[in-house]
Amino acid sequence: MITNAKLSEIFDEMAVLLTFDDGNPFRIRAYQKAVQIIGGLPREAGELSGEDLTRIEGIGKGIASHISEILKTGTLQELQALRSKVPEGLLALARVPGMGPKRARRLYYDDKIHGLEQLQKAAEAGRLRDLPGFGAKLEENILKGIRLAVKASERMLYWEAKLLAQKLLKELGACPGIAEIVPAGSLRRGAETVGDLDILCTARDGARAVEFFTRMPGVERVLAAGATKAAVWLKAQIQCDFRVVPPESFGAALQYFTGSKEHNVALRELAVKQGYSLNEYGLFKSGDAGHKKPLAGRTEEEIYSRLGLSWIAPELRECRGEIAAAQRGSLPDLVELKDVRGDFHNHTRYTDGRDSLEDMVLGARSRGWEWTAIGDHSQSLKVAHGLSPRRLQETIEELRGLQKKHKDIRLMRSMEVDILKDGALDYADEVLASIDVVIGSVHTAFKLPEEEMTRRIQKAAANPHLDILGHLSGRLIGRREAYAFDAGKVFAQAARMQTAVEINGQPQRQDLSDTAARMAAEGGVTLAVTTDAHSAAQLEYMAAAVTIARRAGLEKKHILNCLTYDELKRWLERHE
DNA sequence: GCCGTTTTCGGCCCGACTGTTTTCAGTCG
């Protein structure tokens, strides 16, 4: 089965290769837009007819026929042709920061520089500076850029970026004259990884704010600095872009700087159709931009409203149909962190966690949760000191004691039970029956063939004791690929059995992904947001899990954690 | 490649910064 992710990947490669071959930027944009749209479809494109596909805005006859070709042959003839036309060395040149397709093409074809090594040698020998359009300064920047090329392509995990941004914001708060400071960009949209940090602030004296920013202790190198914006390379090994606008433009700038780029392009096109022009300073009557007062700009709401749209939450701004939904007034009422009443999945020091059962209780209580389930690993996961049935019963007794002591939160025992290679769960049914919330996860035998893995998980989900399927794809971002399985079949089984599927908030997991979670919900599956915390402090990962749920467009009604204790108890007894 | 209550052809978002330039191309977001 060709997944939407695979289709997106192919169209993304098309867009990249066309940048070096075609010269028609609008065709490239059409592919980039298709990447976003297909990546966010709530169903597999492979299940849709050609007619269904072309009804989607941004998908026309061309892309639809490409999709059908990919479904039939696994690839695109045109892509194969482009691959043989655009050499890998050319792509490598263009990945150097400051080099784009034009300069890379020139160097590759006219000056026979066929890779990074040759580029570095040419720059070091001073051979670039005399080429037309190049100069000594550019040569120097290219040399610096080569060293950055690899690092700059690495992306930072959402949570890591969030903590880093918080630190920077605090430091920037000391700059006199800065009023508001907020993170924007992919971090504000809650993307699972972040390529660079974007920080927006309001100040009358932009140059002064920029100077303060570029001199912060966390800055390793200044890449660019002007009167209203700057870009730096941080010691934390990530780029940070900084933008200053006057207060009356704050909303417009926040909207612009939050992106995504595709969302912004679509929004500006809509503005043009309505006789306006939209930029980071505000919404203007067509032709007035730059010399008249904007019609809207102080807040994001003003701008969306003036365009006939309800305000769109940043997590949804990926050009996946959110603008049309905002026009219809049918945007989802997204779940919020405050709607969450407790956690299901975490670990104590009985297995591989750091804190005691009671520490976890206190952590949950300090978050204002109404209830919480506290978990551990099951017996076969020896590396994590999984609990034998006897040890498990002891911890259940201990939790009962804690319940008497802490009466303002309802406590449940959960367990992350291994799904064994044959799909059986790691405890006998009578043991499972003594656990309040049973989470089933795959921790072993990742390399099973797709069909076998699918059957394995389906079998586990068929066990009426199983409440939640844990970190379903098994991926670790940047470290381990998801294992092969048919998510559609598993979701169908989960929907039939009323088994919930987890959205795991651990920074490296973020599993389900936003798009998979959306697909699950469309298939009638209930989702559970969890922290997978290995310490009481890590219960804060709930915010990350909720962010994924929001990006998936989920509402309270989709999320198991939004049930009251009594409602949850009834849900847990659904098979009895 | 997509799209159309002006259009099936001819449009297609907008601005900042840099470096190499005497007015702008390239890159980036």
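Each chain gets a letter, A, B and so on, in the order its sequence line appears, and its residues count up from 1. Values reported hereafter were calculated over all heavy atoms of this structure, with side chains retained and with hydrogens, waters and symmetry mates removed.
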Colleague: Listing request: all ring-ring contact (aromatic ring centres under 6.0 Å, His included) pairs with a residue in residues 128-149 of chain A, at least two apart in sequence or in separate chains.
Modeller: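 Non-adjacent pairs meeting ring-ring contact (aromatic ring centres under 6.0 Å, His included): zero.
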Colleague: Which nucleotide in the set B:dT27, B:dG19, B:dC13 lies at the smallest distance from any side-chain heavy atom of A:Asn141?
Modeller: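 Selected nucleotide (nearest to the side chain): B:dG19.
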Colleague: Looking at B:dG15, B:dG19, B:dC14, which one has an atom nearest to any side-chain atom of A:Leu138?
Modeller: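 Taking heavy atoms from C-beta onward, the closest nucleotide is B:dG19.
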Colleague: Pick base, sugar-phosphate or nothing for A:Leu267, based on heavy-atom distances below 4.0 Å to the nucleic acid.
Modeller: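 Nothing, no heavy atom under 4.0 Å.
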Colleague: Where the side chain of A:Glu269 is concerned, which of B:dC12, B:dC2, B:dG29 is the nearest nucleotide?
Modeller: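 Nearest to the side chain of A:Glu269 among the choices is B:dC12.
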Colleague: Atom CD of A:Glu262 and atom P of B:dC13: how far apart are they, to the nearest Å?
Modeller: 13 Å
Colleague: Using the P atoms only, state how far B:dT22 lies from B:dC28, rounded to an integer number of Å.
Modeller: 23 Å
Colleague: Assign A:Ala136 to base, sugar-phosphate, or nothing according to its heavy-atom contacts below 4.0 angstrom with the strands shown.
Modeller: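 Sugar-phosphate contact only - A:Ala136 comes under 4.0 Å of backbone atoms but never of a base.
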Colleague: Any carboxylate oxygen within less than 4.0 angstrom of a Lys/Arg side-chain nitrogen, looking at A:Arg475 and A:Glu192?
Modeller: yes
Colleague: Specify the separation, in whole Å, of atom NZ of A:Lys229 and atom P of B:dG15.
Modeller: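 Roughly 12 Å, once rounded to whole Å.
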Colleague: Counting side-chain heavy atoms from CB outward, which of B:dT27, B:dC3, B:dG15 is closest to A:Tyr281?
Modeller: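 The answer is B:dG15, which lies nearest to the side chain.
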Colleague: Take atom CZ of A:Arg95 and atom P of B:dG26, then tell me their distance rounded to the nearest Å.
Modeller: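 Result: 21 Å.
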Colleague: Counting the atoms with a prime plus P, OP1 and OP2 as sugar-phosphate, which does A:Pro101 contact under 4.0 Å by heavy atoms, base, sugar-phosphate, or nothing?
Modeller: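 If one applies the 4.0 Å heavy-atom cut-off, A:Pro101 turns out to touch the sugar-phosphate alone, with no base involved.
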Colleague: Taking the same atom, P, in B:dT5 and in B:dG1, what whole-Å distance lies between them?
Modeller: 23 Å
Colleague: Assess whether one donor atom and one acceptor atom, taken from the side chain of A:Asn24 and the base of B:dG1, lie less than 3.5 Å apart.
Modeller: yes
Colleague: So A:Leu278, base contact, sugar-phosphate only, or nothing? Heavy-atom distance under 4.0 Å.
Modeller: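 Sugar-phosphate only.
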Colleague: By the 4.0 Å heavy-atom rule, please label A:Lys61 as base, sugar-phosphate, or nothing.
Modeller: sugar-phosphate
Colleague: Identify whether the distance between the nearest side-chain nitrogen and carboxylate oxygen of A:Glu78 and A:Arg27 falls below 4.0 Å.
Modeller: yes
Colleague: Tell me which nucleotide among B:dC3, B:dA16, B:dG29 gets nearest to the side chain of A:Arg243.
Modeller: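 Per side-chain heavy atoms of A:Arg243, the pick is B:dA16.
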Colleague: Side-chain N or O of A:Ser277 versus OP1/OP2 of B:dC14: is the shortest distance under 4.0 Å?
Modeller: yes
